[in-house]
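Throughout, protein chains are lettered first and strands after them, A, B, ... in sequence-line order, and every chain is numbered starting at 1.
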Number of protein chains: 2
Amino acid sequence: MNDTQQVMAHFEATCRAHGLKLTHQRMEIYRMLLQSTEHPSAETLHKQLATRLPTLSLDTVYRTLATFEELGLVKRVETMSSQARFEAVIDQHHHFFCDQCGKLIDFHWHLFDSMGLPESLQTVGRIRNKNVVVHGVCDQCLSGEKSRS
Amino acid sequence: MNDTQQVMAHFEATCRAHGLKLTHQRMEIYRMLLQSTEHPSAETLHKQLATRLPTLSLDTVYRTLATFEELGLVKRVETMSSQARFEAVIDQHHHFFCDQCGKLIDFHWHLFDSMGLPESLQTVGRIRNKNVVVHGVCDQCLSGEKSRS
DNA sequence: TAGGAGTTAAGAATAAATCTTATTTGATGT
DNA sequence: ACATCAAATAAGATTTATTCTTAACTCCTA
């Protein structure tokens, strides 16, 4: 399930459906983001792709991610970090953000997903989605703290 | 309740407790943010304060907000907009974000606040807080759409 | 009310993202 | 396979957001 080939096929279909050319750059950027679990920034992706596409420009990464976002293939993750960070849209999930090292960890929360929104939101407008962001310090940073002391 | 004077008193006490001088700039920036309901950016605040403090520098607004954030007097709001946006910390609440005009609306959700986090988060590390971000299109933008058509 | 550490203003510097333009490339029809 | 051309890209300039540097200023304490 959620086999990479299947996801790539869906990606290609979506691009075609919107009249987008399947360029080498687009394929590689999407594939890299799919493989990634770290919610990379445009710059991180650009570095990671340097071997495969040595002439890839950073601007293309930014532009391509913006395009993918419009198609709903990619999501911009809600963080307050200076650089925007991205993920391939695969399923409904939420984020734990480590305030110390900036690491993002996905988690699922079906109970929350199935919950209705509070009354006060009934009148604000049209709701598109609801997401939880949990802040804290990750295990790795915690044990780092300990070992350092 | 939550009388401005009381909040300002707490603000002053917190500053003193941390050895921060109560400068005119800090007072005005905090007071403006308290009055504001729009979750302004540093630049917006700077403009709004131009009358009261004509020589206030934008850098001071940024620096001061960062200082207040460290003291827990101010929060940086979780949005993906290019400019960071801030709010005075008063109570636990969540945000509705209009994807069209960027407006932020606070809402309360006690049921969510009292809920425990899912099991998968028991092992990620130390949790500081959990917040909901709801995305959509606000009423105003919706009716604007209608009237325009 | 004078002294000094902490703050600020101003503008330079950095960082993130976007724009401009000339060149290249993927898709289409042949 | 090949020519065509709109769309996409690379490169570097530009804009926008934020932070740094430094000299001047101001709140607090004695």
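- Each of A:Ser41 and B:Thr64 lies near DNA chain C, and the nucleotide nearest B:Thr64 is the one positioned closer to the 5' end.
- Rounded to an integer number of Å, the gap from B:Asp59 CG to C:dA13 P is 15 Å.
- The distance from atom CG of B:Leu53 to atom C1' of C:dA10 is 16 Å, rounded to the nearest whole Å.
- Of the two residues near DNA chain D, B:Ala84 and A:Leu58, the one whose nearest nucleotide lies more 5' is A:Leu58.
- For B:Glu43 and D:dT18, the CD to C1' distance is 10 Å, given to the nearest whole Å.
- Ring geometry for B:Phe11 against B:Phe68 counts as perpendicular: the plane angle is over 60°, on a 0 to 90° scale with 30° as the lower cut.
- Interatomic distance, A:Tyr30 OH to A:Thr14 OG1, rounded to the nearest 0.5 Å: 7.5 Å.
- The CE atom of B:Met80 sits 20 Å away from the P atom of D:dT16 (whole-angstrom rounding).
- For B:Glu78 and A:His95, the side-chain atoms include no donor-acceptor pair closer than 3.5 Å.
- The side chain of B:Arg63 places an N or O atom within less than 4.0 Å of a non-bridging phosphate oxygen (OP1 or OP2) of C:dT8.
- Using a 4.0 Å heavy-atom criterion, one finds that A:Ala42 contacts no nucleic acid atom at all.
- Taking atom CD of B:Glu70 as the reference point, atom C1' of D:dT19 lies 14 Å away to the nearest angstrom.
- Residue A:Tyr62 places at least one side-chain N or O closer than 4.0 Å to OP1 or OP2 of C:dA17.
- For the segment residues 11-39 of chain A, residues with any heavy atom less than 4.0 angstrom from an atom of DNA chain D are, sorted by number, A:Leu20, A:Lys21, A:Thr23, A:Gln25, A:Arg26.
- Around atom NE2 of B:His93, more than 12 heavy atoms belonging to other residues, nucleotides or ligands sit under 6.0 Å away.
- Nucleotide D:dA8 holds its P atom 16 Å from the CG atom of A:Leu56, rounded to whole Å.
- One N or O on the side chain of B:Ser143 and one on the backbone of B:Gln140 form a donor-acceptor pair closer than 3.5 Å.
- Counting to the nearest Å, the P atom of C:dG6 and the CG atom of B:Leu71 are 15 Å from each other.
- Within the 3.5 Å criterion, the main-chain N or O of B:Lys21 finds a donor-acceptor partner in the side chain of B:Arg26.
- In this structure the side chain of A:Gln35 never reaches within 4.5 angstrom of the side chain of A:Gln48, judged on heavy atoms.
- Regarding B:His46, its NE2 atom lies at a distance of 11 Å from the C1' atom of C:dA10, rounded to whole Å.
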